[in-house]
Amino acid sequence: MFNIKQRKLTAITIIGLLTSYNSIAATEIKVAFNQSDKHPQYSALQYFGDRLSNETNGKYKVNIFPNELLGDQRASLELVQNGAIQMSIVANPLVENYDKTFSVIGLPYIYTSPEHQEKIFTSSILDDLFKSTAKFGFEVLGSYTAGARSIYTKNTPVKSIADLNGKKIRVMQSDTMIKMLSCMGGVGVPMNQGEVYTAIQQGVLDGAENNEITYADLKQYEVAPYFSQTRHLMVPDLLIISSQFLSSIPEADQKLVKNIAKDSIKKEFEMWNAQIQKSEDLAKEKGATFIEVDIKPFQESCKKLQDDLIKTPEQ
């Protein structure tokens with residue numbers, strides 16, 4: 001028989017073993033994110049993480065690193081590829097660099113409305129395309145909306161193509177984006193998001209292009225107060241996962257990860273739509289001016305680029 005001292009030691013040992021087992025059992029999923037923790041996509045990632053943890057009894061723990069803490073989107077994509085981290089959100093143009101077919105879902109003026117985009121993103125139409133990147137070390141779990149992108153400038157508003165002539169506008173690191181700005185009359189300057197504020201402030205850039213939420217969230221209204229609603233792009237942000245990590249977990253868990261990611265897309269659209277007006281109101285309170293623009297001339301200027309990009313490498 002055990003004496004009291006032995007029983008206490010045994011209980012302590014068992015508790016220690018259980019604690020150790022739990023910490024080992026919880027598989028960490030690191031997610032890189034380039035925006036703040038107030039962004040709708042951050043909330044969608046939280047929804048994904050909470051669902052995954054709850055439905056696996058704590059088997060997985062999702063940790064989100066906002067504000068480019070794990071590097072910019074290009075760097076985080078490479079970290080996902082080599083398995084250093086498990087997931088990230090990256091802009092569609094970065095994935096175009098691996099598979100040009102992705103350019104089709106980010107074409108200028110390709111979506112007729114946010115509702116049209118949501119219908120596409122929550123369907124299974126893009127599933128085969130998203131699996132095609134596995135050979136590059138990552139898969140796409142789904143597309144989050146990043147809203148409609150518009151031009152905002154420092155000194156004068158853009159009301160027409162003529163107003164954009166020669167202006168240096170920050171774009172994502174993509175040949176398509178550079179060509180698009182050229183079609184619209186401007187000069188596309190690829191640059192990391194974290195450098196944009198200072199570049200506009202110092203006159204390196206005349207402005208940038210993005211959605212209302214990012215514009216307000218990063219306080220870019222302070223250096224570029226004219227927001228011209230060209231709505232030229234509704235570029236998806238892609239939720240990607242390491243192929244190495246995905247193949248390392250049980251098939252049932254792989255399916256669960258994909259299903260919850262798909263559910264999080266609708267959730268992200270809901271949160272995005274709720275925040276757009278709040279962001280616009282905030283920017284206006286801080287002195288920003290929003291300009292309605294006749295987009296038809298811009299649409300016409302991008303028509304040839306659309307036609308060129310629709311031709312996939314196989315054609």
Side-chain angles (χ1 to χ4, degrees), residues 34-36 38-41 91 93 106-111 113-114 145-174 176-235 237 272-302 305:
N34 70 322
Q35 307 280 4
S36 79
K38 298 178 178 63
H39 198 278
Q41 291 177 358
L107 288 174
Y109 297 109
I110 194 69
Y111 304 104
S113 66
T145 188
R149 298 175 78 94
S150 292
I151 302 286
Y152 46 92
T153 47
K154 181 177 183 178
N155 295 317
T156 56
V158 170
K159 299 179 180 179
S160 67
I161 288 179
D163 293 334
L164 196 52
N165 185 39
K167 279 188 167 59
K168 299 186 292 294
I169 303 297
R170 179 266 174 176
V171 296
M172 290 179 282
Q173 299 174 43
S174 158
T176 300
M177 295 289 286
I178 296 171
K179 290 175 182 176
M180 181 199 69
L181 253 294
S182 179
C183 290
M184 295 168 67
V187 178
V189 180
M191 185 179 292
N192 293 337
Q193 181 64 265
E195 302 170 7
V196 173
Y197 186 103
T198 302
I200 297 174
Q201 187 178 47
Q202 296 177 348
V204 176
L205 294 172
D206 295 303
E209 54 85 50
N210 219 311
N211 58 72
E212 297 91 340
I213 293 175
T214 298
Y215 178 65
D217 202 23
L218 300 183
K219 299 182 178 181
Q220 292 182 354
Y221 50 75
E222 294 178 347
V223 291
Y226 300 104
F227 192 100
S228 301
Q229 295 176 315
T230 52
R231 300 186 180 93
H232 50 271
L233 275 181
M234 295 179 71
V235 179
D237 281 335
W272 185 279
N273 293 335
Q275 193 165 331
I276 286 177
Q277 191 59 52
K278 292 179 183 178
S279 297
E280 184 174 328
D281 291 343
L282 172 62
K284 285 179 178 177
E285 287 174 12
K286 300 296 183 179
T289 300
F290 283 73
I291 301 102
E292 280 291 338
V293 177
D294 179 6
I295 65 171
K296 288 182 181 178
F298 291 95
Q299 288 175 317
E300 288 300 317
S301 72
C302 293
L305 178 61

Nearest heavy atoms of Asn210 and Arg170, plus distance in Å: ND2-NH1, 4.1 Å

pair Glu209-Thr230: side-chain heavy atoms closer than 4.5 Å: no

Contact check, side chains of Lys286 and Tyr221, non-hydrogen atoms, under 4.5 Å: yes

Main-chain N/O of Ile200 paired with Lys154 side-chain donor or acceptor, under 3.5 Å: yes

Thr145 OG1 to Met234 CE distance, which is reported to the nearest 0.5 Å: 5.0 Å

Any donor-acceptor pair under 3.5 Å from Asp206 side chain to Lys168 backbone: yes

Minimum side-chain heavy-atom gap Ser174-Val171 below 4.5 Å: no

Pairwise distance CD(Gln35) to CG(Asp217) - rounded to 0.5 angstrom: 6.5 Å

Tyr215 and Tyr152 aromatic ring geometry - parallel, tilted or perpendicular at 30°/60° bounds: tilted

Side-chain heavy atoms of Val293 within contact of Ser228, under 4.5 Å: yes

Pairwise distance CZ(Phe227) to CD1(Ile291) - rounded to 0.5 angstrom: 9.5 Å

Rounded distance (nearest 0.5 Å) linking atom CG of Asn34 with atom OG1 of Thr214: 8.0 Å

Nearest-0.5 Å distance that lies between atom CD in Gln275 and atom NE2 in His39: 7.5 Å

Side-chain donor-acceptor pair present, Gln41, Asp237, cut-off under 3.5 Å: yes

Heavy-atom pair of closest approach, residues Met172 and Val235: CE-CG1, 4.0 Å

Aromatic Phe290 / basic Lys284 pairing, under 6.0 angstrom, 45° off normal: yes

Contact check, side chains of Ile151 and Lys167, non-hydrogen atoms, under 4.5 Å: no

Shortest non-hydrogen contact from Ile169 toward Leu205: C-CD2, 4.4 Å

Where Phe298 and Val158 come nearest, the two heavy atoms and their spacing: CZ-CG1, 4.4 Å

Distance-minimising heavy-atom pair for Ile161 and Ser301: CD1-CB, 3.9 Å

Pro108 and Leu305, any side-chain heavy atoms less than 4.5 Å apart: yes

Heavy-atom closest pair, residues Gly188 and Leu181: N-CB, 3.7 Å

Min side-chain heavy-atom separation Gln277-Asp281 under 4.5 Å: yes

Side-chain donor/acceptor of Asp163 to backbone N/O of Ser160, under 3.5 Å: yes

Residue pair Asn192 / Gln173, side-chain heavy-atom distance below 4.5 Å: yes

Flag, side chain of Thr153 to backbone of Asn155, donor-acceptor distance under 3.5 Å: no

From Gln299 atom CD to Met184 atom CE, the distance as rounded to the nearest 0.5 Å: 10.5 Å

For Arg149, the option from Glu212, Met180, Arg231, His232 that meets side-chain contact (heavy atoms from CB on, under 4.5 Å): His232

